[in-house]
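Okay, so here's the structure we're looking at.
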There are 2 protein chains.
Amino acid sequence: MNLLALRSHNTALVLDLLRTAGPDGISRLELAERTALTPQAVSKITARLRDAGLATEAGRRASTGGKPRTVLRLVPEAGHAVGVHLDRDELRAVRVDLTGAVVAERRVPVDLGVGADAVVRTVAREARGLMGDGPSGDGLGVGIALPGPLDHTHGVLHRVTGFPEWDGFPLRDALERRLGVPVVVDKDTNAAALGLAVAGEAGSFAYLHLGTGLGAGLVIGGTVHRGARTGAGEFGHQVVQLDGPPCGCGDRGCVEALCLDAVARGDLAGAARVLGVGAGNLVALLDVDLVLLGGRTVAAAAEEFVRGVAAVLDDRARRAGEEAVPVRVARGGVAEGAAQLVLGPVFGRTDG
Amino acid sequence: MNLLALRSHNTALVLDLLRTAGPDGISRLELAERTALTPQAVSKITARLRDAGLATEAGRRASTGGKPRTVLRLVPEAGHAVGVHLDRDELRAVRVDLTGAVVAERRVPVDLGVGADAVVRTVAREARGLMGDGPSGDGLGVGIALPGPLDHTHGVLHRVTGFPEWDGFPLRDALERRLGVPVVVDKDTNAAALGLAVAGEAGSFAYLHLGTGLGAGLVIGGTVHRGARTGAGEFGHQVVQLDGPPCGCGDRGCVEALCLDAVARGDLAGAARVLGVGAGNLVALLDVDLVLLGGRTVAAAAEEFVRGVAAVLDDRARRAGEEAVPVRVARGGVAEGAAQLVLGPVFGRTDG
DNA sequence: TCCACTTTCGCAACGCTGTTGCCAAAGTGC
DNA sequence: GCACTTTGGCAACAGCGTTGCGAAAGTGGA
């Protein structure tokens, strides 16, 4: 690491704290305490940020017997990013400001079967509509989140279930050529988890997404864990019943099969219990602080799922003599998380 | 991060490369390439290391048409650490040099039932015997690895199964007072995994330990993942058979119960298969590069376990159209890993 | 109303980092 | 023997966070 890297590291540290503080802002001395830098270093860094238009003064705190602290806050409009959630049947794109707040939104139906070229054109059109024109201005880039196995480091898709023509398609490069701004590609569950992490969830948590399938996004120590091949988070085909009923993947007794079967039978309690067992295995293995549930199927009966999963985790914790890990419903969309794929690095959130 | 931190960061980077290079050494220009620092920066850093006695010149490479590169290598004797594996029935302590090579070893029977004070005295005696006298000299510290839940950040034990008197015992502080050198405490599986990581295993892997119980150590991106409460790696009580046979933990269908039952019945193939299913769940969830098996039970039939686990992972990979994750027997002791709890930070291996 | 005191925060000087420019050293190859 | 390549140290340098210090802006008691 050289001095330039050191500078951007510390700048990102300060920016992240400014973002976390929100519109209320944060004083220089607080920044100094939280970053372990000296007040003078923070003053220099924030002066640069103010010159760049990224930060501004926002009033003062009450005096504690001396000169009152000047409060600084992020300027949300100083930059923006676009996040795209490319799902099997629909595309949702959002434009977010530096704080991650959505300032514009688009939604169009899509059909992955019409071929890569046509879909890329659609994605590019929607993204450009939200980005504004060209690389000039404050557009930082576009993040794309989509299901299925892919390689996030190169932005190449491996397979899109049911559409072999997508195999090995270099989505990132294709879009970068069309848009002229940086593009980042990731799995939908990873993007959702990143969005939740940036939105202030605990340091380590698992986001379990139950929709047409069952997947997970893992956040460990504030960063999304993707694994070497972007394959991490394959939660649905965890075997929890040896020699159980067959699953579409070819194995037997997978959580996804058991869980969705129970949902189909209308046995929500049973589905929640199975999901809870899988979640319990995950919590024990990774020692996360929190489990967040999301996805259409969960949304349809949120209370029931949260209660059922929590019950399993509670039992387990009680037997181990530990405190149970809390279970909650996740708040936040995939497209918002996709935008954070671009914003994250600005605030020092790099790959873990 | 300030300039002092930057300096030690880069120094650790160089030291780690010197250690990895082994007795063959590495040239300054190679160090510069691998650290992304300029050759001149590397020259300054290595000059400091040579002054401190940590590195030395070790011959030259063949010329490629100009001045031949001078090879540098670590001086193994420039520092050492002690690692202690405190198991249920035995204590094994090793003294290792900077490269991690064992230069002395001790082994004594222990009985955790004789009380914390007596055990601490024994540990301190064995450790001091290997450390040499007092804080003077090149002794960097003592690492202790032991089973059971504990808090590695404070070095406090939670419970030692069967010995309630150990609940909440501040092992680290008790030993630091007695020894006068830094002490680090961690779970046995974490220490073993750290030892394997330092010994050169891939960036991300899972170490599965099958002995009197079944646990795991997780290395993600080169660092041990311990979780917020040092609870990560709880692999044995992963449920893989809903409503299966009861386990000692109070749950049903845990991998540990199923696996050890099969071993007791002499059904090693069955045990390996169950272990493979658990490993498959883990590999899918974390996308690790490698699975390593260890522990007394595995050692007794290594071939059979490796083959059985690999078979399950191969099946799974084939169905997913991916390459299977390799399975191997782990080489390395827990005490050696415990010593790396102390040496690790010297080479930039901090908590993940 | 004044003045001592506290607290914030910027300017200037500084020590230290890695970087750049340059040159000596030490080889190869015609 | 000489031109050339490559390594690596010395010296000067730009830029990082730090330290010393003083101006600014409050509080609170006399």
Side-chain angles (χ1 to χ4, degrees), chain A residues 1-18 21 24-52 54-74 348, chain B residues 1-18 21 24-52 54-74 348:
Chain A
M1 179 177 294
N2 58 22
L3 289 168
L4 234 82
L6 177 67
R7 171 172 166 161
S8 63
H9 170 87
N10 286 340
T11 303
L13 238 54
V14 169
L15 273 173
D16 196 39
L17 288 173
L18 284 172
D24 293 344
I26 183 171
S27 74
R28 288 180 182 79
L29 285 177
E30 282 176 84
L31 288 170
E33 282 172 30
R34 308 268 300 264
T35 56
L37 294 170
T38 58
Q40 188 56 29
V42 170
S43 276
K44 283 192 180 179
I45 291 168
T46 54
R48 281 198 298 265
L49 290 177
R50 282 188 300 154
D51 283 351
L54 288 169
T56 189
E57 299 198 346
R60 350 190 102 184
R61 288 268 158 75
S63 168
T64 61
K67 177 174 175 177
R69 302 182 174 187
T70 312
V71 173
L72 300 171
R73 67 166 176 82
L74 200 60
Chain B
M1 177 176 298
N2 58 21
L3 288 169
L4 234 82
L6 176 66
R7 170 172 169 161
S8 63
H9 171 87
N10 286 340
T11 303
L13 237 55
V14 169
L15 274 173
D16 196 40
L17 289 173
L18 284 171
D24 293 345
I26 184 172
S27 74
R28 287 181 181 79
L29 285 176
E30 282 176 85
L31 288 169
E33 281 172 30
R34 307 268 300 265
T35 56
L37 293 171
T38 59
Q40 188 57 29
V42 170
S43 276
K44 283 191 181 178
I45 292 169
T46 55
R48 282 199 299 264
L49 291 176
R50 283 187 299 152
D51 283 350
L54 287 169
T56 187
E57 298 196 346
R60 351 190 103 181
R61 287 270 158 75
S63 167
T64 61
K67 177 173 176 177
R69 302 184 173 185
T70 313
V71 172
L72 300 170
R73 67 166 177 80
L74 199 62

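Computation of the quantities below employed the complete heavy-atom set of this structure, encompassing side-chain atoms and omitting hydrogens, waters and symmetry-equivalent molecules.
- R61(B) comes within 4.0 angstrom of nothing in the nucleic acid, heavy atoms only.
- When each of I45(B) and L3(B) is assigned the nucleotide of DNA chain C bearing its nearest heavy atom, the one mapping closer to the 5' terminus is L3(B).
- Taking every heavy atom of both residues into account, A32(B) and V42(B) meet most closely at CA-CG2, 3.6 Å.
- Closest non-hydrogen pair, L31(B) versus L18(B), comes out as CD1-CD2, 4.5 Å.
- Using a 4.5 Å cut-off on side-chain heavy atoms (C-beta onward), T38(A) and N2(B) make no contact.
- Contacts with DNA chain C (heavy atom under 4.0 Å) in residues 6-14 of chain B: R7(B), N10(B), listed by number.
- For the atom pair CZ (R7(A)) and CG (L6(B)), the distance works out to 14.5 Å, reported to the nearest 0.5 Å.
- In this structure a side-chain-to-backbone donor-acceptor pair under 3.5 Å is present from N10(B) to M1(A).
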List every contact pair, protein side and nucleotides 5-8 of chain D side both N or O, where the distance is under 3.5 Å.
unit_1	atom_1	unit_2	atom_2	d
dT5(D)	O2	G65(B)	O	3.1
dT6(D)	O2	K67(B)	N	2.9
dT7(D)	OP1	R69(B)	NE	2.5
dT7(D)	OP1	R69(B)	NH2	2.8
dT7(D)	O4'	K67(B)	O	3.3
dG8(D)	OP1	T70(B)	N	2.5
dG8(D)	OP1	T70(B)	OG1	2.7

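- Sequence neighbours left out, the pairs with a member in residues 55-72 of chain B that pass salt bridge (Lys or Arg N to Asp or Glu O under 4.0 Å) are R28(B)-E57(B), E30(B)-R61(B), R50(B)-E57(B).
- Protein chain A touches strand DNA chain C; the 5'-most and 3'-most nucleotides with an atom under 4.0 angstrom of its non-hydrogen atoms are dT6(C) to dT19(C).
- I26(B) and A21(B) make their closest contact through CB-CB, 3.9 Å (heavy atoms, listed as atom of the first residue, atom of the second, distance).
- A rotation axis mapping the C1' atoms of four pairs onto the next four is fitted at both ends of the helix from dT1(C)-dA30(D) to dC30(C)-dG1(D) over five pairs, and the angle between these axes is 10° to 10 degrees.
- Summarising the geometry, atom CG belonging to L4(B) is positioned 14.0 Å from atom NE2 belonging to H9(B); distances are rounded to the nearest 0.5 Å.
- For D51(B) and dG9(D), the CG to P distance is 12 Å, given to the nearest whole Å.
- Heavy-atom minimum distance, V14(B) versus T35(B): CG2-CG2, 4.3 Å.
- In terms of the side-chain contact (heavy atoms from CB on, under 4.5 Å) criterion, T64(A) has no residue partners (sequence neighbours excluded).
- Side-chain contact between L72(A) and T56(A) is absent, with no heavy-atom pair separated by less than 4.5 Å.
- Minimum interatomic distance between A62(B) and P68(B) (heavy atoms only, all atoms of both residues): C-CB, 4.4 Å.
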